[in-house]
Amino acid sequence: MSADEVIPLARPVIGDRERELVDQVLRSRQLSLGPVVTQFEQMWADRIGTRHAVACSSGTAGLHCCLHAAGIGPGDEVITSSFSFVASANVILYTGATPVFAEVDPLTFNMDPAAVEAAITPRTKAILIVDIFGYPAEVPALIDIARRHGLAIVEDACQSIDGDYDGQKLGTFGHPAVYGFYANKQLTTAEGGVILTDDDQLYRQLKSLTNQGRSDDGAWLVHSRLGFNYRLSDVHAAIGVAQIERLDWMQDARAQVAGWYQDRMAGVAGVTPMYEGPQRRSWFVYAPRLDADLDRDSIIGRLEAQGISAKPYLPCIHLQPYYQEAHGHRAGELPVTEAISASTIALPFFCELTEQQVDRVCTALDAAIQAERAGAPGPVGAGAA
Ligand SMILES: Cc1ncc(COP(=O)(O)O)c(C=O)c1O
């Protein structure tokens with residue numbers, strides 16, 4: 001099979017504008033702590049309508065800084081979702097605190113506010129909200145819970161770039177929200193992230209934390225707190241500037257691809273298309289559910305044999321080997337989360353996927369499910385990662 005026939009899971013849009021802006025930075029010789037990072041931050045603040053945006057080296061780095069700034073530390077508990085990328089919980093461990101996983105809603109896959117409230121103990125200090133697969137969590141209900149119990153909130157909007165709840169942009173709800181810009185995201189800087197906040201004091205603290213704890217007045221080599229090197233370079237920011245310029249187009253293109261998938265998946269027996277509820281989804285992945293009787297790994301093997309990339313996505317955080325070995329988590333703790341995690345399958349999804357390619361994926365998935373149900377042997381040696 002030629003490389004042309006293989007449909008990858010994700011592929012960023014990189015064009016002349018990205019090359020031009022990166023080249024400008026390289027020619028300027030100001031590769032870090034330069035004006036393009038400031039420009040990138042300003043573009044985000046303007047777009048989302050926050051007073052501030054702090055660029056950082058990754059979504060993980062941004063989340064870690066927000067928890068650190070909230071004073072989370074050893075002995076504390078932070079409630080979050082296990083149906084997320086492992087970084088959501090790792091950042092809690094980095095602070096010395098303990099992640100406590102709340103069950104998710106079976107439709108939105110985001111934390112169920114009632115489960116969050118039930119998980120609160122005297123040690124709970126914060127809620128780390130996750131907007132998984134770009135669908136916003138129940139942000140107002142979670143804010144209400146946090147207010148009543150005196151908890152901080154940090155929002156992991158890494159998968160919900162430019163997302164909103166009831167039309168209000170994530171990042172403008174009074175707590176910091178973080179986007180991640182890894183290459184499979186709606187917008188990429190290769191690696192990178194941004195923290196959005198309206199809080200002037202938090203902004204100064206985050207600028208310092210991401211830059212080795214430098215003093216708030218920016219004095220040269222004066223470090224007023226323990227910080228990190230979580231800076232985004234101007235080279236990465238240059239890619240980001242070009243990407244924000246085309247973000248509306250990229251978001252629309254993703255929504256169009258998702259629409260093609262949703263239409264066709266409605267006709268594929270054994271598949272539940274992605275949930276479409278009252279909120280707008282910022283389309284990050286296309287990951288429908290397979291019926292519980294289907295062997296997902298075998299179906300992935302059949303798709304890959306046809307040159308179609310697919311992955312089991314997302315694994316539960318609490319069932320990751322490290323979380324089981326070092327933190328004693330076990331299967332059965334979170335039945336709803338575990339059932340979702342066992343059945344969702346990520347299919348190729350990116351802006352430039354064509355309608356014909358979506359057809360090819362859906363036809364191949366339909367055939368794979370029918371072959372599975374008919375008990376036909378799958379490709380030898382193929383299977384899920
Ligand atoms: C939900 C979620 N949180 C956090 C992260 C971490 O972001 P990064 O890879 O930029 O560190 C990701 C990245 O995929 C993510 O999907």
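Counting starts at 1 for both ligands and their atoms, in listed order.
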Donor-acceptor pair between His318 and Glu338 side chains, under 3.5 angstrom: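 Present: a donor and an acceptor within the cut-off.
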Do [X] and [Y] sit within salt-bridge range, that is, some charged N less than 4.0 Å from a carboxylate O?
X      : Y      : answer
Asp366 : Arg264 : no
Glu20  : Arg17  : yes
Arg280 : Asp162 : no
Arg246 : Glu18  : yes
Asp200 : Arg204 : no

Any nitrogen or oxygen of [X] lying under 3.5 Å from a nitrogen or oxygen in ligand 1? Just yes or no.
X      : answer
Ile132 : no
Ser84  : no
Gln159 : yes

How far is [atom] from its nearest protein heavy atom, and which residue and atom is that?
atom                    : result
atom 10 (O) of ligand 1 : Gly59 N, 2.8 Å
atom 3 (N) of ligand 1  : Asp156 OD2, 2.6 Å
atom 12 (C) of ligand 1 : Phe85 CD2, 3.5 Å

Parallel under 30°, tilted from 30 to 60°, perpendicular over 60°: which one fits the rings of [X] and [Y]?
X      : Y      : answer
Tyr323 : His327 : tilted
Tyr286 : Phe349 : tilted
Phe133 : Phe83  : perpendicular

Have a look at ligand 1 and work out which part of [X], if any, has a heavy atom under 4.0 Å from it: side chain, backbone, both or neither.
X      : answer
Cys158 : side chain
Lys185 : side chain
Thr60  : both

Mark up the atoms of ligand 1 that fall under 4.0 Å of a heavy atom belonging to [X], in ascending order.
X     : result
Ser88 : 3 (N)
Ala87 : 4 (C), 6 (C)
Ser58 : 10 (O), 11 (O)

Please verify whether a non-hydrogen atom of Gly193 lies at under 4.0 Å from ligand 1.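 Contact check Gly193 vs ligand 1: negative.
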Do any heavy atoms of Gly192 fall under 4.0 Å from ligand 1?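 Yes, Gly192 has a heavy atom closer than 4.0 Å to ligand 1.
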